[in-house]
Structure formats: structure tokens, C-alpha cells
Amino acid sequence: MLSLIIPTFNERDNIHPLYERVSRALSAEEYEIIFVDDSVDETTREIARIAAEDPRVRLLHRRERGLSTAVIAGFGAAQGDLVAVMDADLQHPPEILPQMLQAQRQRRADVVVPSRYIAGGSPGGLDGPIRRSLSLGGRALAHLMLRESRATSDPMSGYFLATREAVLPLLGSKPKGFKILLELLVRGRVQRTVEVPYSFAERSANQSKLGWKTQVDYLRQLLDLITVHPENTRFFLFALVGGTGVAVNAALFALLTSDLLQGVQHAALLASPIASNAAIAWNFLWNTTITWRDRYRSANLWRHALRYLLVSETGTLITWLVLLVLRAMGLQFDLLDQLVGIAVAVLATYRLNDRWTYLPVGETVLEPERSASRR
Ligand code: GDD
Ligand code: MN
């Protein structure tokens, strides 16, 4: 059985049309609809009226607020072996529920995500360039920092289906943000995730509840989720150390050119490699004592250091090659090209350091089980 969970906060005008469309879409299925309602308007009465007539509809009214806790309360109340979550405002078309169910059954998926970002899908109802770029930026950030989120092109989706088994670890938790799908991908029992395309519709009535505060909550949620799995924490620390390295590099460069090397001819040309190498040493110090501290062996210090230096120089080369390639493609935007190069180099050097620099001799580093069995 499918338990469809619909969180509602002041969605009065949407309840009835939503109920009709869901009932039609699921007419061939066994299902229940659980409205988890925190409304302070007539929404509650509207749902109660439908629940009185249709035994498949349940109302869970709460006197608190919070989208995440509402969804998790819904998981707790669900009786089906499958659960799905959907907004009440008809931005999520109920008509694709059968496709989602079919995808789950045919491909034995733990999670099915309707995606706006694959062929056949569209982010249509994300109104305006600002919301759209926030959504894409948030997605890029999630993909960069949480490897589990890479299982889908739309990890911020509020619409998804999962096995009840997969959501069990979430029961009773109180996530910092409202992106439940991210929470599920990182904390849930999820091996296989599949996608189906869909078009995100315009909000049909009443207002969006998610304002600016949600952006801040989102960042807090990401930081929180990063700490769940060591691989994500490690990459985050590496990026953080790299950021401080850039600051060290720039500060030393400025100091040398404006003060210490004053009067020296071509001071900048001399200052640049000094500053870069100082930054490499600085990064090595922190990456060894923090980022890969579990892999550090004092007997291997010089080996770690030499390899780290080689990897860092490889990073410089990679950045330069990216710059070269972008220019050859006619994309000559100097600073932007350099930034793209740096991004590629960060990913590459992370991997090289993880697989080579900090590999303890005679030991093999075990792949974490979940990433090995992924997809
Ligand atoms: N029970 C309950 N309690 N429901 C809530 C609350 C609350 O405090 N706040 C919002 N909801 C319900 C709304 O009634 C709606 O059904 C759903 O949660 C999503 O709220 P919207 O206000 O429509 O959010 P949105 O359209 O800005 O964001 C949606 O799309 C995003 C993707 O762009 C959500 O689905 C997000 O989760 C999703 O990331
Ligand atoms: Mn919405």
C-alpha cells in the first residue's frame, strides 16, 4: 500500500482539487492519504470533511509548525510499505504517481525522485530568475558537499516516493532545514535511487510559506548533513583548509610586495612563488593534522609531504590546462576561467590526496560500504 503524505499549512483552496486529482490518479492502486496539517484557517475543516466521507483519507492535525517535522510525523503514521510526499499546492502533479510506483517496482528502488532537471522535465513553476538560480545554486552546493545527493539531479525536490524501510532512520528526528529528500538520501537506508521526469507547475492558490529564512536554514541543514558521513566531512574540511590557504597566499603576497620586498625589482614575480609555496605548506599542515588525521603515520611524514607537494603542483598544472582548454574553446574570461580551473583542481587534488598522498603504506583504505554499493 502507498501512504501519500501531504503537509499543509493554510491551503484551503487547494485541498479539494488536490484530493480529486490524487483520487483519479491512484484509482487503480491501494493507498491512503495522510494530511499533516498545521493550518490556522479553514483548511483543517476542509480536510476533515473529506476524511469523513473517504476512509482512505486521514487528518493529522498538529498545533505546531514546521514542514520537516510534519513530513516525519506523516512517516510515523504511515501504514503502507511505500510512502510518498507531495506539496498541497498542485505544484507537484499527482498524475505521475503511477509512473513513480511503476519505477519503484520495476527497478526495486528505495527512492524515486521526480526530477525537473532531466530530459522531459521542466522547472517551469519556479517563478523568476532569482528563485531559479537559488535553486540551481543550492543544488550545486548539495552535489558538491554531499555525495549521496548526487544520486539524483533534483535533491531539493519536495516530491518523492520511498520505501517505508528507507525512511525509518528519520523517524523522531528534527532536521534543521526542510529538505527532507536530502535528509533521506544522507540518513536513510537508501541504496538505489531512480528518477522520472516531470514539470514543476505554478502554485495554484494561496501563498508560498518558504521565505528568505529558508535559505539560511538550508545552509544549516547542509552543514549538519555533512557531518553524518566521514567522506563528506573530509571533503568539506579539505575545501575549508583550501580557503584559508588562498587567504594566506594573498596576504603573504601583499605583505611581500608592499613591504618586505620593497625596492626589489620585479618584486611580484619573486613574491608569487614564495606565497604559493607558503600556502601549500600551510595547507599541508592542516590537511595532515585535521583532514586526514586518521591516516597520518609519523613514520610516513616525509612521504606524505613529498606526495602532497607533487599533488599540489599537479593541481596548478590542472588549473592551467583548464584555462588553456577554455581559451581554445573561445571562452576567454580570464578570472572566471581560472576559477573553473581551481574548482576542477580542488576535486582532482582531493581525490589524489585521498587515494595516494595519505595512503598508509601496507594498509588498504576500505571504501565505505554505502558508496561502494551505490547505483
Ligand atoms: N504541516 C505543515 N506545516 N505544512 C507546511 C508548513 C508547516 O509549517 N509549511 C509549509 N507547509 C506545506 C505547504 O502547505 C505546502 O503544501 C508544502 O508544505 C510546501 O510549501 P510551499 O510554501 O508550497 O513551498 P515552496 O513551493 O516554496 O517549496 C516547495 O518546493 C521546493 C522546491 O523548489 C517545497 O516542496 C520544498 O520542499 C521544495 O524544496
Ligand atoms: Mn509550493
Side-chain angles (χ1 to χ4, degrees), residues 4-19 21-22 33-44 46-47 58-77 84-94 113-117 121-142 149 152-162 170 174-185 198-219 221-222 225:
L4 178 62
I5 294 151
I6 306 180
T8 48
F9 181 77
N10 297 355
E11 301 282 0
R12 185 190 55 204
D13 306 322
N14 292 321
I15 302 300
H16 200 76
L18 175 69
Y19 166 70
R21 281 176 63 182
V22 169
I33 307 176
I34 303 174
F35 285 98
V36 187
D37 177 52
D38 300 344
S39 302
V40 289
D41 68 354
E42 296 90 275
T43 306
T44 317
E46 191 73 19
I47 300 170
R58 295 163 62 193
L59 166 62
L60 211 87
H61 186 66
R62 311 189 310 164
R63 280 178 204 286
E64 50 183 294
R65 275 218 57 189
L67 176 50
S68 304
T69 55
V71 171
I72 288 172
F75 290 156
V85 179
M86 173 191 276
D87 286 1
D89 57 3
L90 298 169
Q91 289 192 287
H92 298 151
V113 185
S115 173
R116 295 167 275 191
Y117 302 113
S122 130
L126 269 190
D127 22 308
I130 295 186
R131 268 212 74 172
R132 213 168 266 221
S133 20
L134 275 177
S135 176
L136 286 177
R139 180 176 80 134
L141 213 56
S149 76
T152 164
S153 58
D154 202 351
M156 336 256 296
S157 174
Y159 194 12
F160 59 90
L161 181 143
L170 271 60
K174 283 201 167 112
K176 293 219 161 75
F178 60 91
K179 304 290 181 190
I180 292 288
L181 178 57
L182 271 183
E183 209 74 26
L184 171 60
L185 293 172
Y198 88 109
S199 291
F200 194 60
E202 304 273 347
R203 196 171 226 288
S204 71
N206 305 114
Q207 275 170 15
S208 174
K209 279 65 188 193
L210 309 179
W212 282 104
K213 189 179 165 295
T214 52
Q215 315 301 334
V216 180
D217 285 347
Y218 177 60
L219 293 180
Q221 183 176 21
L222 280 186
L225 287 174

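Note that ligands are numbered from 1 as they come in the structure, with each ligand's atoms numbered from 1 the same way. Nothing fancy with the numbering, it's 1 onward along the sequence.
Under 3.5 Å, the side chains of Thr69 and Arg62 contain a donor-acceptor pair of N or O atoms. Side chains of Asp37 and Ser39: a donor on one and an acceptor on the other come within 3.5 Å. For the 3.5 Å distance criterion, the side chains of Ser153 and Ser115 qualify, holding a donor opposite an acceptor.
At a 4.0 Å cut-off, not a single heavy atom of His61 sits close enough to ligand 1 to count as contact. Remark: distances from the non-hydrogen atoms of Gly66 to ligand 1 include one below 4.0 Å.
Proximity of Arg139 to ligand 1, defined as any heavy-atom pair under 4.0 Å, is not found for any part of the residue. For Ala70, every heavy-atom contact with ligand 1 shorter than 4.0 Å involves the side chain, none the backbone.
Taking only nitrogen or oxygen atoms, main chain and side chain alike, Thr8 reaches within less than 3.5 Å of ligand 1. Residue contacts with ligand 1: His92 is placed with no nitrogen or oxygen under 3.5 Å of a nitrogen or oxygen of the ligand (distance criterion only). At under 3.5 Å, a nitrogen or oxygen of Asp38, whether backbone or side chain, sits near a nitrogen or oxygen of ligand 1. Between Ser157 and ligand 1, a contact under 3.5 Å exists for no N or O pair. On a distance-only criterion, Val36 and ligand 1 share at least one N/O pair closer than 3.5 Å.
Protein heavy atom in closest approach to atom 18 (O) of ligand 1: Leu67 CD1, 3.2 Å. Looking from atom 39 (O) of ligand 1 to the surrounding protein, the closest heavy atom is Lys179 NZ, 2.4 Å. The protein atom (non-hydrogen) at minimum distance from atom 29 (C) of ligand 1 is Asp87 OD2, 3.2 Å. Scanning all protein heavy atoms for the shortest distance to atom 12 (C) of ligand 1 gives Pro7 O, 3.5 Å. Of all protein heavy atoms, the one closest to atom 38 (C) of ligand 1 is Met156 O, 3.4 Å. Annotation: atom 28 (O) of ligand 1 to nearest protein heavy atom, Leu210 CD1, 3.2 Å. Of all protein heavy atoms, the one lying nearest to atom 22 (O) of ligand 1 is Lys209 N, 2.6 Å. Counting protein heavy atoms only, atom 21 (P) of ligand 1 is closest to Arg203 NH2, 3.5 Å.
Ion pairing of Asp38 with Arg65 is absent here, as no side-chain N (NZ or NE/NH1/NH2) approaches a carboxylate O to less than 4.0 Å. A salt bridge links Glu42 with Arg12; the closest basic N to acidic carboxylate O contact falls under 4.0 Å.
Using cut-offs of 30° and 60° on the angle between ring planes, the pair Tyr159 and Tyr198 is perpendicular.
Taking the side chain as every heavy atom from C-beta outward, Tyr117 and Pro123 approach each other to under 4.5 Å. Put simply, the side chain of Tyr218 reaches to within 4.5 Å of the side chain of Met156, judged on heavy atoms.
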Quiz item: Are Met86 and Ile5 close enough, and set up right, to give a side chain to side chain contact (heavy atoms under 4.5 Å, CB included), and what steps lead you there?
Solution: CA-CA 6 Å; Met86 173 191 276; Ile5 294 151; over 6 Å; no
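For Ser149 (side chain) and Pro155 (main-chain N/O), no donor-acceptor pair under 3.5 Å exists by modelled atom type. Between the side chain of His92 and the backbone N or O of Asp87 there is at least one donor-acceptor pair closer than 3.5 Å.
No other N/O/S atom of Asp89 lies as close to the Mn ion (ligand 2) as OD2 does.
Residue Phe178 holds the heavy atom nearest to atom 36 (C) of ligand 1 of all those in Phe160, Phe178, Phe9, Tyr218. When the heavy atoms of Gln91, Arg116, Glu64, Glu11 are ranked by distance to atom 33 (O) of ligand 1, first place goes to Arg116.
Between Phe35 and His61, the distance separating the two ring centers is not shorter than 6.0 angstrom.
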